[in-house]
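The sequence lines fix the lettering, A, B, ..., with proteins before strands; numbering per chain opens at 1. What's counted below: heavy atoms across the whole structure, side chains too, no hydrogens, waters or symmetry copies.
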Amino acid sequence: MENKGHPRIKKSTETLNVAVEEELFKKSARFLKRRHQDISLVPATDAEIEITKDNGHLSFKFQDASNDQLLTSRFELTDSQSNIYSSLRLLAEIKHFKQSLSKNLNTSNIPRYEKKTYLKAQKKFEQVIKKSRHTKEKMSPLLDITADDQEIDQLFDESHSIETVLFHILRLTGFTTYQTCQLIVHEKGKAEADSIHLDESNSITHSQLSAKKFNTLYRLIKKSKNKHFNQTQILDKDLHIVGPFLAKEIETREHDLLFIISRNGFLTPSVEEQSYFFSIIPSLKQVFRFILTKSRLTQREQLLAQSFNFYPFPILLTVGGNIIFKNRHVQDEHLELIDSQVGNIDFNEFSLGADKKLFVFPPSEADLISDFNHHQRISLLGELLNTLKHELSNPLFGLRLTAEMLGSETEDEEVQDSLNDIAQNARRCQSIIDNFSNLYVVQEDLKKVDLHFLIREIMTLTKSETRGISLKYHGPEAKTSFIKTHTTWLTQILFNLIVNASQAIKSTNDELGKYEISVSVEASDDCVSIKVQDNGPGVPTELKNEILRPYFTTKTQGTGLGLSICTNLAQRLNGRLEYHNNNPSPGVTFSIHLPKSQ
Amino acid sequence: MSKILLVEDELLIQKSLKKLLEKRGATVDVESSGREAIQRLKTQSYDRIICDLMLQDISGFDVIEESKSKLQASEIAVKFVIITAYCSEQVLDKAKKYGCQVLSKPFDDMNKTLDIFLSHA
């Protein structure tokens with residue numbers, strides 16, 4: 001082979017088009033390079049592209065040595081340039097996949113998507129060949145005015161977003177007299193399409209149009225052969241274009257695109273301009289596809305990163321041994337474990353394709369125990385209260401009975417008064433015990449409870465925790481406010497919020513007397529909002545997004561579960577928990593919004 | 001004059017109930033344990049047996065079960081009143097089986113309760 005690293009081009013008897021052919025190959029090579037930046041563009045030694053020219057036809061032949069398959073394509077020299085162009089590009093693409101397929105055959109581990117892409121490219125290739133045979137699309141002779149390669153390369157190199165591509169397009173030599181362009185992007189399957197419009201004053205306008213509208217435009221533009229329009233054909237407020245314009249539909253795997261360019265004048269596009277427009281479309285398609293895919297990937301990455309961050313345990317992703325992403329729970333010790341390669345029982349390793357690996361650390365024992373402990377504490381508390389109720393009820397009743405009996409026997413008023421006090425207080429003790437144990441019942445169904453009563457009881461429960469801080473309750477005007485809910489859960493939420501507030505206040509180490517926690521209830525027809533407001537230090541802005549997350553805590557002894565459990569319980573009650581820092585006054589307000597009936 | 005057996009292990013309740021009942025003219029014998037109550041029931045007969053459910057040794061229902069040899073079912077239904085601080089569905093169901101009344105401690109209205117205790121056939 002006299003020209004290694006390049007397809008062998010058999011020169012035909014007519015010398016005419018060698019340069020053309022090489023030019024074409026170079027172009028397709030560049031495309032491939034853009035698409036698969038990691039591969040070098042050396043044609044495979046076991047597969048060759050043969051380009052011959054005879055009787056005014058240009059033929060490409062591609063022999064795949066791995067399976068003796070012969071792919072050929074034949075064009076008339078007057079065929080649309082883009083057809084030949086894309087045919088060759090696809091050929092190169094097929095070759096690339098053949099190459100990687102034959103390379104991977106030994107590992108018997110060909111990724112499915114690669115196989116699919118290969119088959120798709122092959123199919124497309126066949127379609128292009130078919131099309132070029134049947135259509136008499138004679139747009140421009142081969143190698144008419146085309147975009148300068150350097151310009152196109154620049155377009156690739158300097159375009160980092162759709163907006164910058166549009167800027168660059170208007171700077172292309174063929175479009176110097178053009179002033180505005182517009183790209184409408186419709187991600188397949190979405191209900192709306194995005195329009196990006198660059199106007200003559202170099203400002204970008206983003207807007208949206210419905211998929212239905214987009215499809216109408218797309219069909220209209222697709223139907224046109226010369227892609228040259230004026231506004232009597234398409235008069236649409238969604239197109240921000242004045243005067244005649246050039247438009248082309250572009251289809252990629254994930255998007256349908258409409259590219260529109262206009263000089264914003266009344267001069268119709270010249271034949272040269274049309275030809276130029278057609279010549280750059282394949283390049284533009286690549287650029288757009290590249291950017292759109294990239295932004296989709298970035299979006300997906302962000303989404304992944306977000307979900308990783310919400311994962312409550314350490315998780316990290318490596319590519320080729322480098323850490324691409326790790327969430328905030330990953331500590332040095334975890335990295336050491338991965339490095340040491342021995343502690344495989346400490347984490348799970350998932351291989352995601354070639355050299356990507358996902359390391360997931362299961363919850364540590366401490367994490368599980370704190371969760372478990374919480375539930376255990378709650379059920380233990382319930383049991384304890386029930387035992388207390390039974391063990392204390394009897395003696396208390398006896399106390400009351402005795403006092404009442406003695407009171408009725410004696411004539412001495414002072415003694416009677418004292419005995420009355422004893423009986424009264426025994427009654428009070430009894431009612432406190434009853435109410436406590438009512439708060440922690442094992443209850444499957446929702447129960448109708450009086451909110452005033454419930455809140456007062458919870459406030460009694462938190463009395464020792466809030467000692468020194470003024471604890472107030474502002475109910476609505478109605479004397480009772482019934483709500484159908486799960487008493488234990490609601491109690492737990494309110495209990496937690498009040499205790500949290502008092503702990504935050506105590507953390508200031510100030511005189512407690514000036515602080516206040518107030519509970520208030522606002523009821524509408526179908527919704528009840530319970531607010532727990534304090535004038536303590538409030539939530540620092542930088543922790544705004546953190547405090548509801550599980551395992552987040554600012555307390556040295558905290559589990560970080562309190563507020564996350566509250567959020568969870570509120571959701572289980574078909575309600576929601578919200579909070580905001582009070583403004584301008586200090587402190588924070590937590591609100592639980594609950595439906596009145598379920 | 002009513003002759004009442006009061007089986008209650010909480011001494012404060014036992015003493016004051018006894019006094020309250022005696023004030024109303026009843027003759028009251030007291031027992032703190034279920035087994036002793038069963039023994040006493042074998043030799044003596046009462047117009048009313050007020051029996052706590054959760055005794056130290058056995059349950060009030062055990063006392064009823066043991067006195068079946070001496071008393072007829074209809075007598076059991078009339079004579080026994082179960083008093084309990086733990087008045088659950090199961091307790092009510094079981095009491096229904098014997099046909100006897102259940103009163104939940106603490107008694108809110110003492111006079112009414114005493115009326116019930118003394119209102120035997």
Side-chain angles (χ1 to χ4, degrees), chain A residues 379 381-412 415-447 453 457 487-488, chain B residues 4 6-26 28 30-34 37 50-61 81-92 102-118:
Chain A
S379 58
L381 189 61
E383 259 175 62
L384 199 72
L385 283 169
N386 268 329
T387 320
L388 266 182
K389 182 184 174 183
H390 294 130
E391 291 306 312
L392 288 182
S393 283
N394 263 339
L396 274 175
F397 177 51
L399 211 61
R400 189 190 110 198
L401 215 57
T402 316
E404 279 175 353
M405 189 203 65
L406 283 173
S408 68
E409 277 182 350
T410 178
E411 302 286 304
D412 188 332
V415 176
Q416 232 171 27
D417 206 35
S418 299
L419 286 169
N420 209 14
D421 281 349
I422 294 173
Q424 280 293 332
N425 280 292
R427 260 180 213 270
R428 208 178 122 226
C429 290
Q430 183 66 48
S431 77
I432 289 173
I433 290 172
D434 285 349
N435 292 330
F436 276 12
S437 49
N438 278 344
L439 294 180
Y440 278 90
V441 283
V442 183
Q443 171 192 349
E444 297 301 326
D445 304 323
L446 300 173
K447 238 171 74 182
F453 182 75
E457 284 313 318
T487 338
T488 309
Chain B
I4 295 176
L6 174 64
V7 192
E8 166 69 64
D9 55 357
E10 183 64 46
L11 282 179
L12 266 179
I13 299 179
Q14 192 197 81
K15 271 172 144 176
S16 33
L17 259 186
K18 180 176 184 313
K19 276 198 177 172
L20 284 168
L21 287 166
E22 281 171 349
K23 260 182 140 183
R24 293 231 184 167
V28 183
V30 290
E31 283 300 346
S32 293
S33 95
I50 302 168
C51 186
D52 186 30
L53 188 60
M54 284 204 242
L55 297 163
Q56 295 290 352
D57 50 354
I58 51 174
S59 101
F61 289 127
V81 176
I82 294 287
I83 54 174
T84 178
Y86 189 68
C87 191
S88 69
E89 291 287 318
Q90 287 105 307
V91 171
L92 287 176
V102 178
L103 292 179
S104 174
K105 283 189 284 186
F107 313 125
D108 286 327
D109 190 334
M110 206 55 231
N111 284 328
K112 229 179 191 171
T113 311
L114 290 174
D115 286 345
I116 293 171
F117 287 154
L118 295 167

Q) Do B/K105 and A/N394 come within less than 4.5 Å of each other through their side chains, counting heavy atoms only? A)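 B/K105 vs A/N394: side chains touch.
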
Q) What are the two closest non-hydrogen atoms of B/S16 and A/T402, and how far apart are they? A)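 For B/S16 and A/T402, the tightest heavy-atom pair comes out as OG-OG1, 3.5 Å.
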
(Q) Give me the atom names and distance for the closest heavy-atom approach of A/M405 to B/K23. (A)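 Looking at all heavy atoms of both residues, the closest pair is O-NZ, 4.5 Å.
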
Q. If you round to the nearest 0.5 Å, how far is CE of B/M110 from CG of A/L401?
A.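 Rounded to the nearest 0.5 Å, the CG-CE separation comes to 5.0 Å.
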
Q: With rounding to the nearest 0.5 Å, note down the distance linking CZ in A/R400 to CD1 in B/I13.
A: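 Here the rounded value is 10.0 Å.
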
(Q) At a 4.5 Å cut-off on heavy atoms, which part of A/L399 comes close to chain B: side chain, backbone, both, or neither? (A)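 For A/L399, heavy atoms of backbone and side chain both lie under 4.5 Å from chain B.
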
Q.
Taking atom CZ as the centre, does A/R428 end up with more than 12 heavy-atom neighbours from other residues, nucleotides or ligands that are less than 6.0 angstrom away?
A.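 Atom CZ in A/R428 is not crowded, with 12 or fewer foreign heavy atoms closer than 6.0 Å.
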
Q) More than 12 heavy atoms of other residues, nucleotides or ligands under 6.0 Å from CD of B/Q56: is that the case? A)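 Atom CD in B/Q56 is not packed in, count stays at 12 or less.
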
(Q) Below 4.5 Å, heavy-atom pairs only: which of A/G398, A/S393, A/S408 has the largest tally toward chain B? (A)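 Top option by heavy-atom pairs under 4.5 Å: A/G398.
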
